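In this text the structure is predicted, and so the values were computed from the model without any measurement.
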Amino acid sequence: MSLVTLLPFIVLIGAMFLMTRSAKKKQQQAADMRNQMQPGSGVRTIGGMYGTVKEVSDDTVLLDAGPGVELLFAKNAIGAVLSDDEYNRIVHGIEHDLKPDVVPDDASSLTETDEPAAASDEKSVDLGKKDESDETEEPSETVAAEAKTEDAPKKSEGDADAK
């Protein structure tokens, strides 16, 4: 066989090797994370439940999910071990690191000039509706068009001119 016919098989085997290698790395990192759990750390289960670790044994973890609620989970059911700041932010709503660069409600402070908008040379654009007095159509044309439609004979339902 030539190298050209074997090349697709070699590429396929190489891709499978790389995929299994990355999957094994992820599994090893997850196992290390689960083994480093200590009582008092906040965790999220794979089902999305948050709790605080009370006890860690070989295969199980006892979580405190609230006042008087203790749950027993398999170690493999722990999805993530959270930092204290992240756990408090999610569960208790406590923000430790408030960022000073908060976006203001109005965009006036984001412009480089310190002048107020009214002092600028540009003319402001009126985006409101026009009043009836500002309409360009003349009232006499409107009245004439309405008069023509009123003069025409009106037909009621059921009346037919056909013979």
Side-chain angles (χ1 to χ4, degrees), residues 1-138 142 145:
M1 290 186 151
S2 68
L3 184 62
V4 176
T5 57
L6 291 177
L7 187 62
F9 294 112
I10 294 171
V11 170
L12 183 63
I13 292 170
M16 288 173 46
F17 173 74
L18 291 175
M19 284 190 280
T20 57
R21 184 175 174 209
S22 65
K24 284 182 182 179
K25 278 186 178 181
K26 287 181 183 179
Q27 287 177 351
Q28 185 62 36
Q29 288 175 347
D32 291 341
M33 180 247 338
R34 290 182 187 115
N35 290 333
Q36 293 174 357
M37 277 189 298
Q38 298 175 355
S41 60
V43 295
R44 180 183 66 234
T45 65
I46 58 175
M49 183 177 292
Y50 292 92
T52 305
V53 176
K54 282 190 97 175
E55 292 179 20
V56 179
S57 65
D58 292 337
D59 294 332
T60 60
V61 177
L62 184 66
L63 297 181
D64 181 21
V69 180
E70 293 180 353
L71 305 169
L72 186 64
F73 280 93
K75 262 190 179 180
N76 291 340
I78 303 301
V81 177
L82 307 173
S83 66
D84 290 338
D85 290 340
E86 185 177 6
Y87 181 77
N88 288 331
R89 180 183 58 81
I90 293 170
V91 176
H92 303 295
I94 300 170
E95 293 283 340
H96 287 289
D97 299 324
L98 294 176
K99 297 179 182 175
D101 299 331
V102 177
V103 177
D105 289 340
D106 62 341
S108 62
S109 64
L110 299 176
T111 58
E112 293 182 18
T113 60
D114 292 337
E115 299 176 6
S120 65
D121 294 335
E122 297 178 18
K123 184 177 180 181
S124 63
V125 178
D126 182 23
L127 299 176
K129 292 184 177 181
K130 294 183 179 181
D131 293 337
E132 292 180 10
S133 61
D134 293 340
E135 291 182 5
T136 57
E137 187 177 325
E138 294 180 16
T142 308

Any residue meeting side-chain hydrogen bond (donor to acceptor under 3.5 Å, both in side chains) with Ser83, in chain and number order, not counting sequence neighbours: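 If we apply the side-chain hydrogen bond (donor to acceptor under 3.5 Å, both in side chains) test to Ser83, skipping adjacent residues, there are no hits.
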Under the side-chain hydrogen bond (donor to acceptor under 3.5 Å, both in side chains) test, residues paired with Thr60 that sit two or more places apart: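 Ser57.
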Can you give each donor-acceptor pair under 3.5 Å made by side-chain atoms of residues 21-33, sequence neighbours left out, with the distance rounded to 0.1 Å?
{"unit_1": "Ser22", "atom_1": "OG", "unit_2": "Met19", "atom_2": "O", "d": "3.0"}
{"unit_1": "Gln28", "atom_1": "NE2", "unit_2": "Asp32", "atom_2": "OD1", "d": "3.2"}

Separation of Ile78 CD1 from Leu63 CG (nearest 0.5 Å):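 Atom-to-atom, Leu63:CG and Ile78:CD1 are 5.0 Å apart.
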Under the salt bridge (charged side-chain N to carboxylate O under 4.0 Å, His left out) test, residues paired with Glu70 that sit two or more places apart: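 Counting only residues at least two positions away or on another chain, Glu70 forms a salt bridge (charged side-chain N to carboxylate O under 4.0 Å, His left out) with Lys54.
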Asn35 CG: over 12 foreign heavy atoms closer than 6.0 Å: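 Above 12, so yes.
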Residues, nucleotides or ligands: over 12 heavy atoms within 6.0 Å of Glu55 CD: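 Count not over threshold, so no.
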If I compare all heavy atoms of [X] with all of [Y], which pair ends up nearest, and what's the gap?
X: Val4; Y: Pro8; result: O-CD, 3.4 Å
X: Val56; Y: Lys75; result: CG1-CE, 3.6 Å
X: Asn76; Y: Arg34; result: O-NH2, 3.4 Å

Test side chain to side chain contact (heavy atoms under 4.5 Å, CB included) applied to Val69 - qualifying residues, sequence neighbours left out: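 Scan of Val69 (side chain to side chain contact (heavy atoms under 4.5 Å, CB included), adjacent residues dropped) gives Ala65, Leu71.
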Show me the side-chain donor-acceptor pairs of residues 43-51 shorter than 3.5 Å, one per line, residues at least two apart or across chains.
{"unit_1": "Thr45", "atom_1": "OG1", "unit_2": "Gly47", "atom_2": "N", "d": "3.4"}
{"unit_1": "Thr45", "atom_1": "OG1", "unit_2": "Gly48", "atom_2": "N", "d": "3.4"}
{"unit_1": "Thr45", "atom_1": "OG1", "unit_2": "Met49", "atom_2": "N", "d": "3.0"}
{"unit_1": "Thr45", "atom_1": "OG1", "unit_2": "Met49", "atom_2": "O", "d": "3.4"}

List the atom pairs, donor and acceptor, that lie under 3.5 Å between side-chain atoms in residues 11-18 and the rest of the protein, sequence neighbours left out.
none

